[in-house]
Amino acid sequence: MKNTFVISCPIDTYSGYGARSRDLVKSIIELDKYDVKILSQRWGSTPFGFIENNPEWKFLTPYVTNTITSQPDIWAQITVPNEFQPNGKYNIGFTAGIETTLCSAPWIEGMNRMDINIVSSEHSKQVFLSSKFDKVDGKTNQKVGVTELTKPIEVLLEGANLDIYKPLGKDGTIKFIDLENTELYDQINSIPEDFVFLTVGHWMQGDLGEDRKNIGITLKSFYETFKDKKKQPALILKTSSVNSSYMDRREIMKKVNAVRSMSKGNLPTVYILHGNFSNREMNELYNHPKIKAMVSHTKGEGFGRPLLEFSLSNKPIICSGWSGQLDFLQNDKSLLLSGKLYNVHSSAQQKDILIPESQWFQPNPMDINKSYKDVYDNYKFWLERGKRQGYFSRTNFSFNKMKEKINKILEDNISIPKHVSLNLPKLKKINNKIELPKLKKINNKIELPKLKKL
């Protein structure tokens, strides 16, 4: 009989945690060792409906349930750690982790409620291990202990689906007839620029230069680097703030125009892609011949999934040289930006998530400018390195590699209390009455029948 394995996660949402949930659940189902059940949860304001709109994931539907009637053998949550609750006989907390240098005390307390915690990168693991907080007595104001991680922690890579994320065609040629989104292909084909940088990420809260994905600075640095140049590349920004609504798109356009107004002169063109794309559509975007490189000035990543998936197109990447993406982005294969750490700005802080005492990364402006020019002017050099990065990513960060690792983690760590069966004495029935076993009296004490342990 298989152990029940209940997983609470945002499996049906359009979000990074949704993608992580689907891959993790799929890998555990494919191990064929557990009776898997899924509790579908929300993830902030991100929309539902991913499974219904992506046929390759509909196999998950029979595993989704609304209720659990008994305590599961294994309970797992894929979420932020302050939400972790130990509801099973053995409890696992999955989290991408943290994008800064310090997590909050409630996160550590949540992780200590679980039997084991599994994070996406070495960066996340080291932050959780180093985050410590004094416990202070509310009456005496004296230190009475330290809040720190006391439970085991493991790193589980986020593996890419190599059947979807891969180079299309040979030498940049794509068979138009095989594309899922020919309209997108035509739209990019129609723009006048032949060299296009791509950046992908949610435009989150924060003043200019303070949002986590650093979209504002990405735009400003692109405008400043290529303004007044005789020949200019373009930038495609694939983004949203919360969802794919018209109002969200309008707010994105306002932000882009606000950044553009800060620069003067003949500015390069920025194109906006807004809305939900399937995995295959994203891979088609990455493989379009006009898309030459991905750029990310991110302040911090728990892992950096879009960067991994883009690397499988064998094209070069410009990226901040700090945090979770360094598990797979190699310094000799991608262009990693230098910079410095500084405190998270008040406009970007979130209670118990991005806390005032924590720091994250800001790329060096001169390094940003130089990197754009270097990739644009020396593309063949960086394309060769992009191919090497693609090979490294395929070899070490595939879905199958992830499945192998989660299997090992579960086998090495899960310990579930076993039921003990007792061999009770048989009871005889005489004249429709149960005859109880006779009790012997020895030295004025009753001697009970012995019970055998199986």
**Message:** Quick check for you: to the nearest 0.5 Å, what is the distance between T101 atom OG1 and F361 atom CZ?
**Reply:** 13.0 Å
**Item:** Point-to-point distance, once rounded to the nearest 0.5 Å, from CD1 of I28 to CD1 of I92
**Value:** 7.0 Å
Do [X]'s NZ or CZ and the ring of [Y] fall within the cation-pi criteria of under 6.0 Å and 45°?
X	Y	result
K290	F195	no
R250	Y246	no
K238	F277	yes
K26	W57	yes

**Request:** Please lay out, stage by stage, how S120 and L156 fare under the test side chain to side chain contact (heavy atoms under 4.5 Å, CB included).
**Result:** CA-CA 5 Å; S120 296; L156 176 66; over 6 Å; no
**Prompt:** Mind checking whether K380 and L383 have side chains closer than 4.5 Å, heavy atoms only?
**Reply:** no
**Validation row, ring centre F328 to ring centre F392 under 6.0 Å** = no
**Request:** Flag the pair F222 / F226 as yes when their ring centroid distance falls below 6.0 Å, and as no otherwise.
**Result:** yes
Can you confirm whether the side chains of [X] and [Y] place a donor and an acceptor under 3.5 Å from each other?
X	Y	answer
H123	D327	no
T298	N214	no
H202	S240	yes
N53	Y14	yes
Q41	S8	yes
T150	N112	yes
N287	N283	yes
K299	Y342	yes
T46	Y17	no
H345	S347	yes

**Message:** Between W203 and T218, is the side chain to side chain contact (heavy atoms under 4.5 Å, CB included) condition met? List the steps.
**Reply:** CA-CA 11 Å; W203 199 331; T218 303; over 6 Å; no
Charged N-O contact under 4.0 Å between [X] and [Y]:
X	Y	result
D23	R305	yes
E154	K125	no
R20	E158	yes
D412	K408	yes

Is the [atom1] atom of [X] crowded by more than 12 outside heavy atoms at less than 6.0 Å?
X	atom1	value
Y391	OH	no
D377	CG	yes
K227	NZ	yes
K58	NZ	yes

**Asked** Given the rule in the side chain to side chain contact (heavy atoms under 4.5 Å, CB included) test, do N400 and K403 qualify, once you have shown the distances and angles that lead to the verdict?
**Response** CA-CA 5 Å; N400 285 336; K403 187 166 69 172; 4.2 Å; yes
**Request:** Assess whether salt bridge (charged side-chain N to carboxylate O under 4.0 Å, His left out) is satisfied between E251 and K254, documenting all intermediate values.
**Result:** CA-CA 5 Å; E251 289 304 309; K254 283 183 180 179; 3.6 Å; yes
**Request:** Carefully, step by step, assess W75 and Q77 under the rule side chain to side chain donor-acceptor pair (under 3.5 Å).
**Result:** CA-CA 7 Å; W75 165 264; Q77 286 178 267; 3.3 Å; yes
**Item:** R113/E109 under salt bridge (charged side-chain N to carboxylate O under 4.0 Å, His left out): CA gap, chis, key distance, verdict
**Value:** CA-CA 7 Å; R113 289 192 288 267; E109 291 166 351; 5.4 Å; no
**Message:** If you apply the rule side chain to side chain contact (heavy atoms under 4.5 Å, CB included), what do you find for K33 with N407, and how did you get there?
**Reply:** CA-CA 10 Å; K33 295 180 178 180; N407 183 46; 2.8 Å; yes
